[in-house]
Undergrad: 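Let me begin by handing over the structure; questions about it come next.
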Amino acid sequence: MSEYNHNTIEKKWQTKWEETGLYHADIDKSKPKFYALTMLPYPSGNLHIGHWYAMTPSDARARFKTMQGYNVMFPMGFDAFGLPAENAAIKHNIHPNKWTYSNIDYMRDQFKTMGAMFDWRREAISADEKYYKWTQWFFIQLFKHNLAYRKFSQVDWCPSCNTTLAREQVWGDDRVCERCGTPVIKKELNQWFFKTTDYAEELLNFDGIDWPERVKTLQTNWIGKSEGANVVFKTESGDDIEVFTTRPDTLWGATFMVIAPEHPLVEKLITEKSRTAVEEYKEAAARQSDIERESTSKEKTGVFSGGYAINPVNGEQIPIWIADYVLMSYGTGAIMAVPAHDQRDFEFAKKFGIEIRPVIVENVEEIPNPDEMEEATIAKGFMINSGELTGTPGDKSIKTVINYIEEKGIGKGSVNYRLRDWGISRQRYWGAPIPMIHCPKCGVVPVPDEQLPVVLPEDIEWKPTGESPLKFHPTWKKTTCPTCGGPAERDTDTMDTFMCSSWYPLRYLSPDYEKGPFDPEEYNYWYPVDCYTGGIEHATMHLIYVRFFHKALRDMGIVKGDEPMMQLRNQGMVLGEDHEKMSKSRGNVVAPDVLVDKYGADVVRAYLIFFSRWEMGGPWDSQGIEGTARWLRRTWTLFTDDPQENAGTASAEILKDLRRKIHQTLESVTRDFETFEFNTIVSSFMELVNFMYKARVEGAEKTPEWDEALKLYLLMLAPVCPHITEELWQQIGHDYSIHKHSWPIFDAQAAKEDEVTLVIQINGKLKERIQVPAGLNDQEAEKIAMASETIQSNLEGKTIRKVIVIKGKLVNIVAN
RNA sequence: GCCGAAGUGGCGGAACUGGCAGACGCGCGCGACUCAAACUCGCGUUCUCGAGAGGGAUUGUGGGUUCGAUUCCCACCUUCGGCACCA
């Protein structure tokens, strides 16, 4: 017998795997391919337990797929551009390049202690010139296909990170920066945008992909589709004011209009009389923070513009108000206000004494008195006060009105999305430079392909100025225009790092390829991603961007298929032992390195798989891991202890039971791997080991059944604990490597029970359990149940009404 | 307010298709080994009444469907996540 020394064993096999290239994934057309992908980390400098939690079950499943006969690619890389590197530069005067790459080196070594089947030859690092050359190339492709444009606009700005943020990167009620938690402010800047909105409708369609409902719902809400109509009102001076409404059927109830303070028509509507009040209101609105302005609890404010509009359906003249509850950024920045049927309009009308006119009622006999209304009604009955459409029933009203306004040429059915175009300009250094040139003569011109990549300069001064450090470099931005040859300037902004991560699965295909972003041969074999795993927090960021990106590339003819990732699964979060989110300030952080040192990677992997349902996550338990460690030591003992004295003396029944147990385990473990129910995989193994311990006492060792059990157990365990299984595989006399072995074949006959527990209930209450031979017919089962003494005595004085028999399981006697 | 997920022992969690609730692990208790401790091994462990045999209750709450509900339906409560003056 030998001690289980995880340190020696794990090191030894990791070295051997690397030397023999065990996990190299190469094209092999004789096998079905499987592209398993897990979200790549940011090189923060340390692998935390969350990385292990996300990646080790993903690795176990990739290994399982390999054993099932798939040619599996499971790559890893680093999302290496981003702010922390630059912040480190400012704080510690270390170059972001150096900081990032030394972090990567350190983390790569940490990764290797995990024993995962990553093929490091495929590693991709987004900050490599050979990588971001193609990020820039993709930017230019998007530009050439009218999917990238530049716009002077109001953007969210983080005053701490000194850069703009995409809408997705602004979080919560307090509208804080996703990265540092600082409240964001608004800034007017010239920015690059990608037209994600062009794909809004298609992004709502998840047909053909197996993604969690949770993510689909989050994305659907984020895209926020509303159907309704656009209607054109005219001002007195003849200008058009277009509004979007989801309730065109209430058009006759519009008693005023509201436009956003930033609406371009405000200037034209102002009269001598209203000028002072309007200007004061506009200024007040501009001074307000977004939080104040967008708070739903706030009392409505507004001011009369001085102008009027004509309601195109009934020719009525209605006042145009200016109020900050209408946002310039959604719809047309103007609304028709129907106080009787919209709560916001109702509150506004009440406050400013504007007419409230119901136009939809449940019952034509009971038209509510507007003065007595306490809130807007969302009635669905009939249209009233609506000219020739009066009487239209609610279920047809919207359609009818849309037809009506389209015929009259005053509006049309339309759809609005909450999704905005993706702003990707960042005023920072450590990112892929936007490959565009500003020429005073030719305008904005892309950098020619042969000049890519536009390389970041090394010598940069670190000043948190709020503008891109590239702007202050003495020479970098100076260039010549590729069109006219005259002096021109480079764009000094860099791209949002989500741009880099939107295409990284393609770069893994061929990270050194020079003729394009990826090698078409590799692409044709491996794409699309078969299974993608990672955190739910990316639902409305990365996971939307990556789909948008793929669809845009598809339309450019660069990739095929409608979706990049066929299957997605999200893991939950590992919480601290105090059930709180892990954080340095709370002091509840669990460091994987320490655990690996103490227990070994196999135990850490198995515990992470065991301790909670994967998609739920849960609190860490430092006592709990001891149980997993104990089980793996028991596994070791099972293989390495000298046989018991009674070895080989087990009865045929014991040996049959052993075979049954091992094949039942195989069945459930196979199913659980398929369905991502990882925690029960490890519990099945624990049960199996407990069972084998008992069989061993009964003399089951040194039998073919015992040897089969050992072999099958190791094979099943190999994806979860790759090191110990490799070691024991060798010790019991098999060839290197267990990880090249195929998944065992399930013997259904062996797994079958020949005795079952017959449950006997009276009125649905459990009264007795009897062991009976399997395959008993219903009559026999009933007879056995009735013959039981317990049942007999329980039935005394009762009349049997009905007997229900569930084959091989249960007899329920209904009696009273 | 809207959308979504989840509520099961002291704790993490299990229960495949409506059929033995609590697998597996932690913790706890008892015992073996040991000079002793650790390791290891064995047994027990939902609550409650009972000395015991045995009885009763129990999957957030209340109702319903069913011979039978953790599982299906309705209403509600709590927690977590997302969105939110989105017209």
Undergrad: I'd like the P distance from B:rA75 over to B:rC2, given in whole Å.
TA: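 It comes out at 13 Å once rounded to the nearest Å.
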Undergrad: Would A:K300 and A:F348 count as a cation-pi pair here, with the cationic atom under 6.0 angstrom from the ring centre and within 45° of the axis?
TA: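 Cation-pi check for A:K300 and A:F348: fails.
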Undergrad: Using O4'-C1'-N9-C4 for purines and O4'-C1'-N1-C2 for pyrimidines, with syn meaning within 90° of 0, is B:rG9 syn or anti?
TA: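 B:rG9: syn glycosidic orientation.
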Undergrad: In this structure, which one of A:F610, A:Y713, A:F691 forms a ring-ring contact (aromatic ring centres under 6.0 Å, His included) with A:F685?
TA: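 Going through A:F610, A:Y713, A:F691 one by one, the ring-ring contact (aromatic ring centres under 6.0 Å, His included) with A:F685 is satisfied by A:Y713 alone.
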Undergrad: Any donor-acceptor pair under 3.5 Å joining the side chain of A:K300 to the base of B:rC85?
TA: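 Donor-acceptor pair under 3.5 Å: yes.
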Undergrad: When all nucleic acid strands are considered with a 4.0 Å heavy-atom cut-off, which category describes A:T245: base, sugar-phosphate, or nothing?
TA: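 The residue A:T245 makes sugar-phosphate contact but no base contact.
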Undergrad: Listing request: all salt bridge (charged side-chain N to carboxylate O under 4.0 Å, His left out) pairs with a residue in residues 603-619 of chain A, at least two apart in sequence or in separate chains.
TA: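 Every pair satisfying salt bridge (charged side-chain N to carboxylate O under 4.0 Å, His left out) with a residue in residues 603-619 of chain A: A:D59-A:R605.
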Undergrad: Under the side chain to side chain contact (heavy atoms under 4.5 Å, CB included) test, which residues partner A:P264, sequence neighbours left out?
TA: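 For A:P264, the residues satisfying side chain to side chain contact (heavy atoms under 4.5 Å, CB included) (neighbours in sequence not counted) are A:M328.
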Undergrad: Using the closest heavy atom to pick a nucleotide of RNA chain B for each, name whichever of A:R633 or A:Y417 lands nearer the 5' end.
TA: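 The 5'-side residue here is A:R633.
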Undergrad: B:rU40 P sits how many Å from A:Y4 OH, rounded?
TA: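 Distance check: A:Y4 OH to B:rU40 P gives 14 Å.
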Undergrad: Would you please confirm or rule out a distance under 4.0 Å between OP1 or OP2 of B:rC67 and any side-chain N or O of A:R801?
TA: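 Answer no for this pair, as no side-chain N or O of A:R801 is under 4.0 Å from OP1 or OP2.
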Undergrad: Test of understanding: with side chain to side chain contact (heavy atoms under 4.5 Å, CB included), list the residues that count as partners of A:Q771, not counting sequence neighbours.
TA: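 A:Q771 satisfies side chain to side chain contact (heavy atoms under 4.5 Å, CB included) with A:E755, A:T757 only.
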Undergrad: Among residues two or more places apart or on two chains, list those pairs meeting salt bridge (charged side-chain N to carboxylate O under 4.0 Å, His left out) that have a residue in residues 768-781 of chain A.
TA: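 Qualifying pairs: none.
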Undergrad: Sequence neighbours left out, what passes side chain to side chain contact (heavy atoms under 4.5 Å, CB included) with A:I806? Give chain and number order.
TA: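 If we apply the side chain to side chain contact (heavy atoms under 4.5 Å, CB included) test to A:I806, skipping adjacent residues, the hits are A:I804, A:K809, A:L810.
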Undergrad: Tell me which of A:Q761 and A:V814 sits closer to the 5' end of RNA chain B, going by the nucleotide each one is nearest to.
TA: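 Mapping each residue to its closest nucleotide by heavy atoms, the 5'-most match is A:Q761.
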Undergrad: In chain order, what residues pass the side-chain hydrogen bond (donor to acceptor under 3.5 Å, both in side chains) check against A:R660, with sequence neighbours excluded?
TA: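 With sequence neighbours excluded, A:R660 shows a side-chain hydrogen bond (donor to acceptor under 3.5 Å, both in side chains) to A:D657, A:D754, given in chain and number order.
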Undergrad: At 4.0 Å (heavy atoms only), tell me whether A:I806 reaches a base, stays on the sugar-phosphate, or touches nothing.
TA: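 Base, at least one base heavy atom under 4.0 Å.
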Undergrad: Could you list the residues that satisfy side chain to side chain contact (heavy atoms under 4.5 Å, CB included) with A:P57, not counting sequence neighbours?
TA: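 A:P57 satisfies side chain to side chain contact (heavy atoms under 4.5 Å, CB included) with A:I609, A:W614, A:F678 once adjacent residues are dropped.
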Undergrad: Measure NZ/A:K802 against C1'/B:rG68 and give the value in whole Å, please.
TA: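 It works out to 11 Å between those atoms.
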Undergrad: Which pairs, with at least one residue in residues 661-676 of chain A and sequence neighbours excluded, count as a salt bridge (charged side-chain N to carboxylate O under 4.0 Å, His left out)?
TA: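 Counting only pairs at least two positions apart or across chains, the salt bridge (charged side-chain N to carboxylate O under 4.0 Å, His left out) contacts touching residues 661-676 of chain A are A:R61-A:E674, A:K65-A:E674, A:K661-A:E687.
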Undergrad: So does A:T540 get a side-chain nitrogen or oxygen closer than 4.0 Å to the phosphate oxygens (OP1/OP2) of B:rC83?
TA: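 Answer is no, no contact under 4.0 Å.
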Undergrad: Between the protein and nucleotides 52-57 of chain B, list every N/O to N/O distance that falls short of 3.5 Å.
TA:
residue: B:rA57; atom: OP2; partner: A:K765; partner atom: NZ; Å: 3.0

Undergrad: Nearest-Å distance, CZ (A:F673) to P (B:rC16)?
TA: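 It works out to 20 Å between those atoms.
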Undergrad: Grab the NZ-C1' distance between A:K809 and B:rG18 for me, whole Å please.
TA: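 Distance check: A:K809 NZ to B:rG18 C1' gives 10 Å.
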Undergrad: Measure NZ/A:K216 against P/B:rC83 and give the value in whole Å, please.
TA: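 In whole Å, B:rC83 P lies 20 Å from A:K216 NZ.
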Undergrad: One character per nucleotide, please: for nucleotides 22-27 of chain B, 5' to 3', B when the base has a protein heavy atom closer than 4.0 Å, S when only the sugar-phosphate does, - otherwise.
TA: -BBSSS
Undergrad: Taking only residues at least two apart or on different chains, which pairs with a member in residues 334-343 of chain A satisfy salt bridge (charged side-chain N to carboxylate O under 4.0 Å, His left out)?
TA: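 For residues 334-343 of chain A: A:D342-A:R344.
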Undergrad: Distances under 3.5 Å only, N/O to N/O: pair up the protein atoms with those of nucleotides 3-8 of chain B.
TA:
residue: B:rC3; atom: O2'; partner: A:N221; partner atom: ND2; Å: 3.2

Undergrad: Hey, what's the ring geometry for A:Y607 with A:W620, parallel, tilted or perpendicular (30° and 60° as the breaks)?
TA: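 Ring orientation, 0 to 90° scale: perpendicular.
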